[in-house]
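Just so you know, these numbers use all the heavy atoms, side chains as well, and skip hydrogens, waters and symmetry mates.
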Amino acid sequence: MGSSVTTDAPPTAGKREWIGLAVLALPTLLLSMDLSVLFLAVPHLSADLEPSGAQLLWIMDVYGFLMAGFLVMMGTLGDRIGRRRLLLIGAASFTAASTLAAFSTSSEMLIATRALLGIAGATLAPSTLALLRNMFHDPKQRTAAIGVWTVCFSAGSVLGPLAGGVLLAHFWWGSVFLLGIPVMLLLLVTGPMLLPEHRNAGAGRVDLTSAAMSVVAVLGVIYGMKDIATHGLGLVSLLSIAGGLAVGALFVYRQKRLSDPLLDLGLFSSPRFGSALSIMGLAVLVMSGTLFFVAQYLQMVRGLSPLRAGLWMMPMACGVVVGAVTTGNVIRKVRPPFVMGSGLFVACGAFVLLSRMETDSPVGLFAAGVFCMSLGVAPVMILGLELAVGSAPPERAGAASSVAETIQEFALGLGVAAIGSVGTAVYRGQVDGALPQGLPPGAARAAQDTIGGAVHAATELSHATSEALLDVTRAAFTQGLQTAATTCAVLAAIGALVTITVLRNAALPKHDEEAGAPAAPAPSTNAPS
């Protein structure tokens, strides 16, 4: 009889940990909802606050900018002061900033409060993911927990416009910010009772210079990517990205020289860590690059209202849920690299389906495409996060989580900028020379810039000219969508092959019933709960 390996098995989570997961899931959902909840509120707040064009862009983007910029600093700060403590501080700050945003009386006030929301959000994302790493030590249970986290984070961006539409039907525009206050209050009350505290007892003080450099580096690159997606490649975007990369290089150089760095670059010494994050980033990139077009396709090409367009985007959220459940079951029999590779192949098929969309294709074909896309991407994101965060020592889970979140933000911005630029170039190339004769110069410039400009310009033209303009621009935009989806299909196929090749021999945590060794050592520096 062989000796039992039960004594070496990682501890399994109990009732308290699963209830704690529910407490962490709702803030994660609301965190991503705040990225998109303002989409439908723009006409209402524009009429009330009368922001300029530049102010409106900052109202929409400053939340995501600052959340991305502060992720690295906040993740490492959580390792030092305690992830639960940072989470509760962030929840209190998020509640206060949401209240101020709801009752903003000027554009400047709303921009400032959205900025505060972004900084508070940067404390929540890595804290929730790091706490999951320390609450769930059994690989199978951790996969399920990260699956729930991924579903909530992904579904929030889809549910945001729907929730905003319901609230705006009955209340003023500021009500969209009050949505998360009850959840944050629930977190403040139950968090100290249900969530364990974890910190790195041996960590030193936070290097403020490194913290500032990390913020400037990330903000520079993200802002440049957003500017390319909005205005095309230009001097401002190039200087912003170049400046961000330069500061990032100095940040890395400084971390190598510090005895107690803000970000331990030793995390990247694990091949599994870097490879998993790269593959996860590719999945986010192709998904975001396509979504940049499909959301506009429903409204600008098919003429659906924002609320109806949001409803047709719901299959994407359903695909994430199905993908998460399927992942938890499949990895019991199939190694994670092959599950991730298969997911990317499914996503590749979805992009091929979306590349066949025409201006009059059934909307059900679109729904099938986005469902399969999220179904394929879900296991890549879930297992990518698990492989990366699970490979880090428990005392550095916050830093690993913040790096994973930052990679997601970079991939999101790069997908919109790079894939968006490809599709936009196709759109503009098709529009040039095809516009109807006699079109006013202002309307022509607007139509050549974006399809949104074309739709707005069409409202001020005669019926015949308006229809001719919309026919041209809708066909051109659809071709841009087809090109973007084809590009994403190629990238997804390459990513699938690389995933299977690069990670197949990596030291992965076992997920079968006989697994005896934990994926990582149990936490050694737990503070009292």
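- Rounding to the nearest 0.5 angstrom, the gap separating the CE atom in M340 from the OG1 atom in T327 is 10.0 Å.
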Please assess L187 against L87 for the test side-chain contact (heavy atoms from CB on, under 4.5 Å), listing each intermediate value before the final yes or no. CA-CA 9 Å; L187 175 60; L87 179 67; 4.1 Å; yes
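- Nearest heavy atoms, C488 versus T290: SG-OG1, 3.3 Å.
- Across I419 and A484, no two heavy atoms sit closer than the pair CG2-CB, 3.7 Å.
- Residues V339 and V380 have side chains not in contact (no heavy-atom distance under 4.5 Å, counting atoms from C-beta outward).
- Residues satisfying the side chain to side chain contact (heavy atoms under 4.5 Å, CB included) test with S355, not counting sequence neighbours, are V352, A485, T486.
- A pairwise comparison of heavy atoms in G343 and P379 identifies CA-CG, 4.2 Å as the closest pair.
- In this structure, CG in L277 is found 12.5 Å from CG in L282, a value given to the nearest 0.5 Å.
- For the pair G224 and S240, the tightest heavy-atom approach, listed with the atom from each and the gap, is N-OG, 3.4 Å.
- When all heavy atoms of A493 and F345 are compared, the pair lying nearest together is O-CE2, 4.3 Å.
- Shown here for F94 and L117, the closest heavy-atom pair between the two residues is O-CD2, 3.6 Å.
- Under the ring pair (Phe, Tyr, Trp, His ring centres under 6.0 Å) criterion, F477 pairs with F293, sequence neighbours left out.
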Stepwise side-chain contact (heavy atoms from CB on, under 4.5 Å) test for V221 and L245: CA-CA 7 Å; V221 176; L245 292 175; 4.1 Å; yes
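- For R474, the side chain to side chain donor-acceptor pair (under 3.5 Å) criterion is met by no residue, not counting sequence neighbours.
- For the side chain to side chain contact (heavy atoms under 4.5 Å, CB included) test, residues two or more places apart in sequence or in another chain that qualify with T478 are Y297, V301, T359, Q482.
- Remark: the backbone N or O of G495 is paired with a side-chain donor or acceptor of T499 at under 3.5 angstrom.
- One distance of note links SG of C348 with CG of L353; it measures 11.5 Å at 0.5 Å rounding.
- Side-chain atoms of L497 and L344, non-hydrogen and from C-beta on, never get closer than 4.5 Å to each other.
- Checking side-chain atoms of Q430 against main-chain N and O of V426 turns up no donor-acceptor pair under 3.5 Å.
- With sequence neighbours left out, the side chain to side chain donor-acceptor pair (under 3.5 Å) criterion links Y427 to no other residue.
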Residues 361-374, side-chain donor-acceptor partners within the protein, below 3.5 Å, at least two apart:
unit_1, atom_1, unit_2, atom_2, d
S361, OG, E358, N, 2.6
S374, OG, M316, O, 2.7
S374, OG, V370, O, 3.2
S374, OG, F371, O, 3.0

